[in-house]
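Heavy-atom basis, side chains included; hydrogens, waters and symmetry copies ignored. The chains referred to below are lettered A, B, ... by the order of the sequence lines, with proteins before strands, and numbering in each begins at 1. No experiment lies behind these values; they were computed from the predicted model shown.
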There are 2 protein chains.
Amino acid sequence: MATKQITPNVPAHCAECLNRTKSAFKNLDNPDLDEVSKRKSCVFFRKGQVMMQEGARPQGVYCIYSGKAKLFKRGNEGKEQIMRLITDGGLIGYRSILSDEPLGASIVALEDTHVCYIPKTSFLEVIESNPKFSLNVLKISCNELGEAGKIITSLAQKNVRERLAEVLLLLGATFGHTKEGYLDISLTREELANMIGTATESAIRLLSELSSEGLITLKGRKIALVDPIALKERAAIFD
Amino acid sequence: MATKQITPNVPAHCAECLNRTKSAFKNLDNPDLDEVSKRKSCVFFRKGQVMMQEGARPQGVYCIYSGKAKLFKRGNEGKEQIMRLITDGGLIGYRSILSDEPLGASIVALEDTHVCYIPKTSFLEVIESNPKFSLNVLKISCNELGEAGKIITSLAQKNVRERLAEVLLLLGATFGHTKEGYLDISLTREELANMIGTATESAIRLLSELSSEGLITLKGRKIALVDPIALKERAAIFD
DNA sequence: TCTCAAAAATGATAAATGTCAGTTTCAGTC
DNA sequence: GACTGAAACTGACATTTATCATTTTTGAGA
């Protein structure tokens with residue numbers, strides 16, 4: 001597995017977690033909160049490391065304390081289809097455990113990432129005994145299902161250009177911007193392409209276009225959204 | 001709303017429901033089962049009627065007793081993207097209620113359909129008080145999420161031909177075949193196209209191809225899968 | 001700072017799919 | 001059975017995107 005490293009930054013008890021309001025555990029009270037805290041361990045993944053592997057059966061879930069990860073399926077020819085990016089507070093592996101299926105996707109750290117690992121048994125105990133918690137997980141699942149519906153419709157009906165613009169805006173909204181104005185997430189062009197379901201070259205070409213039209217600025221791998229309004233039109237997003 | 005019609009075929013009490021083993025209510029015991037049965041009503045939708053409308057906020061969920069429905073989002077130009085077909089035992093509207101969002105998709109009856117309608121309040125009461133039930137709904141949600149991941153990957157990475165073959169096999173597996181050997185569901189070519197995210201003409205062309213290659217047989221709107229093995233290869237499905 | 005493999009970029013061409021227009025067939029209603 | 005609008009089908013052509021090959025640039029590690 002990953003480098004197991006206790007870091008003084010990740011709190012031993014969930015009650016002290018700064019990201020708890022973003023996580024499934026936000027409404028978890030004692031004694032369940034104590035129990036989970038006692039059972040959890042902290043794990044550290046280096047950028048690029050596999051946190052969970054498609055097809056495996058996880059023996060627990062991860063809750064991200066800090067860092068970012070991509071959740072992707074591999075298609076027939078081995079290409080990744082990135083379905084989601086997960087960050088602070090995100091719950092990983094629960095779907096597989098609850099639907100009693102092998103993992104439908106892999107999860108790989110996009111940057112150095114600290115997670116809490118909750119054993120399956122503990123997770124299921126809380127789910128089965130605490131309606132508030134299971135309702136929370138249900139809400140998360142329903143939310144993700146709604147997002148998946150949007151992705152499906154975009155993939156089916158929007159062209160690549162529209163999808164790229166849409167994803168750029170989503171990245172801005174989800175991860176925010178650095179001081180210099182760039183998207184606060186580092187993705188290769190290949191990863192961008194794997195999010196919108198196109199060839200890397202196509203993604204690159206369209207980024208160049210958006211750049212020469214003045215909607216974005218490119219610096220190395222970095223991307224700044226210069227004109228989000230125009231981008232939104234390009235993404236064919238109508239509120 | 002729909003034509004409200006009491007039919008002697010739909011049991012008044014969930015305990016008598018023939019499809020209960022396929023539904024979220026399969027493990028529901030008394031007194032909750034009694035409570036839900038008391039509160040539910042039976043509704044009848046004619047083929048083509050809207051059961052729920054994208055964007056609306058449902059005041060209850062439907063559980064399908066008999067019939068079939070399509071769940072679809074409309075893209076920007078009004079075209080349907082069919083994401084799922086729902087049949088006996090299927091639960092409709094729960095995602096919207098639980099994630100507290102307007103409906104992300106419309107649900108339209110593909111044929112005459114009988115449903116039980118459970119008011120939101122009753123549904124939420126059982127969810128919040130009965131861990132077994134909420135776990136069941138969670139499983140359903142997780143299962144659907146896994147299916148959505150597969151659809152996303154297919155849309156992104158398979159060509160239209162592969163996707164069509166895949167969907168034909170799925171229809172056979174889900175709905176079975178009539179005595180004459182045709183798929184036991186009636187879909188227009190447009191609906192098939194809207195499932196695989198392509199233009200109607202493209203779907204038609206590829207159906208013709210598969211037919212002239214002997215993999216399927218077409219009779220009017222009806223489709224028989226003649227050579228499922230070859231179809232599976234065409235669908236690029238590898239177990 | 002240097003090195004180098006990986007990533008980004010670009011151009012040319014091929015392949016897949018969409019759009020448009022017109023004809024034929026079919027399902028549903030009376 | 002007759003009628004009719006919708007659906008299915010087909011052909012021609014346009015557009016979008018993928019693939020392949022090559023060059024340039026960059027990020028990361030030493």
Side-chain angles (χ1 to χ4, degrees), chain A residues 46-49 75-82 108-112 154-165 168 178 182-183 185-212 216-223 234 236, chain B residues 46-49 75-81 109-112 154-165 168 178 182-183 185-212 216-223 234 236:
Chain A
R46 278 235 177 266
K47 176 177 173 171
Q49 280 184 322
N76 290 333
E77 297 174 14
K79 193 178 169 186
E80 297 178 1
Q81 179 55 40
I82 296 174
V108 171
L110 284 172
E111 62 192 43
D112 291 355
S154 284
L155 281 171
Q157 300 192 7
K158 290 190 175 178
N159 61 43
V160 177
R161 185 190 178 79
E162 285 166 338
R163 301 207 295 276
L164 177 61
L168 291 175
T178 63
Y182 297 107
L183 292 175
I185 181 167
S186 177
L187 294 170
T188 63
R189 298 295 187 257
E190 184 175 4
E191 278 161 340
L192 265 183
N194 289 346
M195 287 180 77
I196 62 178
T198 194
T200 308
E201 293 95 330
S202 299
I204 290 170
R205 263 184 256 275
L206 289 166
L207 279 171
S208 288
E209 265 183 43
L210 291 177
S211 178
S212 53
I216 63 175
T217 290
L218 304 176
K219 185 166 188 232
R221 188 184 288 180
K222 296 185 288 192
I223 302 170
R234 280 312 146 79
Chain B
R46 277 234 177 269
K47 176 179 174 171
Q49 280 186 321
N76 289 333
E77 298 174 10
K79 193 179 168 181
E80 296 179 1
Q81 179 55 39
L110 284 172
E111 63 192 41
D112 291 355
S154 284
L155 281 170
Q157 301 192 6
K158 289 190 176 178
N159 62 43
V160 175
R161 185 187 178 79
E162 285 165 340
R163 301 206 297 274
L164 177 63
L168 291 175
T178 63
Y182 297 109
L183 292 175
I185 180 167
S186 177
L187 294 170
T188 64
R189 298 298 187 258
E190 186 176 3
E191 279 162 339
L192 265 183
N194 289 345
M195 287 181 77
I196 62 178
T198 194
T200 309
E201 293 93 333
S202 299
I204 290 170
R205 259 184 260 276
L206 290 165
L207 279 171
S208 288
E209 266 183 42
L210 291 177
S211 179
S212 53
I216 62 175
T217 290
L218 304 176
K219 186 169 188 228
R221 190 183 286 179
K222 295 186 288 196
I223 303 171
R234 282 312 145 80

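What separates CD of B:E162 from P of D:dA18 is a distance of 14 Å, to the nearest Å. Distance CD (A:E191) to C1' (D:dG27): 14 Å, rounded to an integer number of Å. Protein atom CD1 of B:I204 is 14 Å distant from nucleotide atom P of C:dT25, rounded to whole Å. The separation between B:I196 atom CD1 and C:dT17 atom P is 9 Å, rounded to whole Å. For the pair A:Q157 CD and C:dT17 C1', the computed distance is 15 Å after rounding to whole Å. Regarding A:L164, its CG atom lies at a distance of 15 Å from the C1' atom of D:dT16, rounded to whole Å. The distance between atom CD of A:E209 and atom P of D:dT17, rounded to the nearest whole Å, is 10 Å. Following rounding to the nearest Å, B:L206 (CG) and C:dA16 (C1') show an atom-to-atom distance of 10 Å.
No side-chain donor-acceptor contact under 3.5 Å links A:S211 to the backbone of A:L207.
Contact of the A:T217 side chain with the A:I223 side chain is not registered, since no non-hydrogen atoms from C-beta on lie closer than 4.5 Å. Counting heavy atoms from C-beta on, the side chains of A:E191 and A:L110 come closer than 4.5 Å.
Taking every side-chain heavy atom of B:S202 into account, C:dT17 is the closest of C:dA7, C:dT17, D:dA18. Closest contact between the side chain of A:N159 and the listed nucleotides D:dA8, D:dT17, C:dA9 involves D:dT17. You'll find that the side chain of B:R189 is closest to D:dC9, out of D:dC9, C:dT17, D:dT17.
Summary of the strand contacts: A:K222 and A:A199 both lie near DNA chain D, and taking for each the nucleotide with the nearest heavy atom, the more 5' one is attributed to A:A199. Residue order along DNA chain D, read from the 5' end via each residue's closest nucleotide, puts B:S208 first among A:E201 and B:S208. Residue whose closest nucleotide on DNA chain C sits further toward the 5' end, between A:A156 and A:L218: A:L218.
Phosphate contact (OP1/OP2 of C:dA8, side-chain N/O of A:T200, threshold under 4.0 Å): absent. Remark: B:R221 is not in phosphate contact with D:dA7, judged by side-chain N or O atoms under 4.0 Å from OP1 or OP2.
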From CA spacing to verdict: salt bridge (charged side-chain N to carboxylate O under 4.0 Å, His left out), A:R161, A:E209: CA-CA 10 Å; A:R161 185 190 178 79; A:E209 265 183 43; 2.4 Å; yes

Does the salt bridge (charged side-chain N to carboxylate O under 4.0 Å, His left out) test come out yes or no for B:D112 and B:R46, once each step is laid out? CA-CA 4 Å; B:D112 291 355; B:R46 277 234 177 269; 3.0 Å; yes

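Contact annotation: side chain of B:R205 to base of C:dG18, donor-acceptor pair absent below 3.5 Å.
Within the nucleic acid shown, A:K47 comes within 4.0 Å of sugar-phosphate atoms alone, with no base atom in reach, counting heavy atoms only.
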